[in-house]
Amino acid sequence: MRLSILICTMPVRQKMLKELCDSLNCYRFNGDVELLIDDRMNITTGTKRNDLLKRAKAEYVVFIDD
């Protein structure tokens, strides 16, 4: 796997997250990309980012906003 796309969000931003995921789905990644999302409440963004980094399996990692 070459790229992990990591997204920190919140349940109240589900509409924005859906729009982002819909736009990412138009690309054909052929298994080279994993998409990881953390939408837990009452967790700091820093904690979410660190947890996502631990779960990422790809050679490259990028954070994007919803």
Side-chain angles (χ1 to χ4, degrees):
M1 190 164 312
R2 305 243 333 136
L3 177 66
S4 294
I5 299 174
L6 312 179
I7 304 170
C8 298
T9 188
M10 296 173 49
V12 296
R13 295 180 8 198
Q14 289 300 308
K15 182 178 183 240
M16 288 180 278
L17 178 63
K18 182 185 179 326
E19 290 172 3
L20 172 63
C21 290
D22 288 347
S23 68
L24 290 173
N25 284 335
C26 73
Y27 298 102
R28 303 261 193 273
F29 294 119
N30 298 325
D32 289 336
V33 176
E34 70 176 340
L35 179 64
L36 299 174
I37 300 169
D38 190 330
D39 65 351
R40 294 176 293 168
M41 290 290 293
N42 302 321
I43 305 291
T44 66
T45 301
T47 299
K48 288 180 184 183
R49 285 178 179 251
N50 287 333
D51 290 348
L52 288 169
L53 281 171
K54 289 177 188 173
R55 292 174 39 205
K57 296 179 181 141
E59 182 178 356
Y60 300 99
V61 175
V62 63
F63 285 97
I64 58 174
D65 294 327
D66 56 359

According to a hydrophobic-cluster definition based on side-chain heavy atoms being under 4.5 Å apart (Ile, Leu, Val, Met, Phe, Trp, Tyr only), do [X] and [Y] belong together?
| X | Y | result |
| --- | --- | --- |
| L3 | I64 | yes |
| L20 | I5 | yes |
| M41 | M16 | no |

Practice task
Side-chain contact test, heavy atoms from C-beta onward, threshold under 4.5 Å: evaluate it for L24 versus V33 and give yes or no.
Solution key: no
Practice task
State, with a plain yes or no, whether a side-chain heavy atom of L35 is found less than 4.5 Å away from one of I7.
Solution key: yes
Closest approach of [X] and [Y], non-hydrogen atoms and distance?
| X | Y | result |
| --- | --- | --- |
| C8 | R49 | SG-CG, 3.6 Å |
| Q14 | D39 | NE2-OD2, 3.6 Å |
| A58 | E34 | N-OE2, 3.8 Å |

Exercise for the section: Taking atom CZ of F63 as the centre, report whether more than 12 heavy atoms of other residues, nucleotides or ligands fall under 6.0 Å from it. Expected result: yes
First locate atom [atom1] of [X], then atom [atom2] of [Y], and finally report the distance between them rounded to the nearest 0.5 Å.
| X | Y | atom1 | atom2 | answer |
| --- | --- | --- | --- | --- |
| K57 | L36 | NZ | CG | 8.0 Å |
| D32 | E59 | CG | CD | 10.5 Å |
| L17 | D65 | CG | CG | 11.5 Å |

Exercise for the section: Starting from the C-alpha separation in whole Å, work towards a yes-or-no answer on side chain to side chain contact (heavy atoms under 4.5 Å, CB included) for R55 and L6. Expected result: CA-CA 10 Å; R55 292 174 39 205; L6 312 179; over 6 Å; no
Handout entry: Residues D51, R40: salt bridge by 4.0 Å N-O rule
Key =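 Salt bridge: yes.
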Handout entry: side chain to side chain contact (heavy atoms under 4.5 Å, CB included) evaluation trace for I37 with D66
Key = CA-CA 10 Å; I37 300 169; D66 56 359; over 6 Å; no
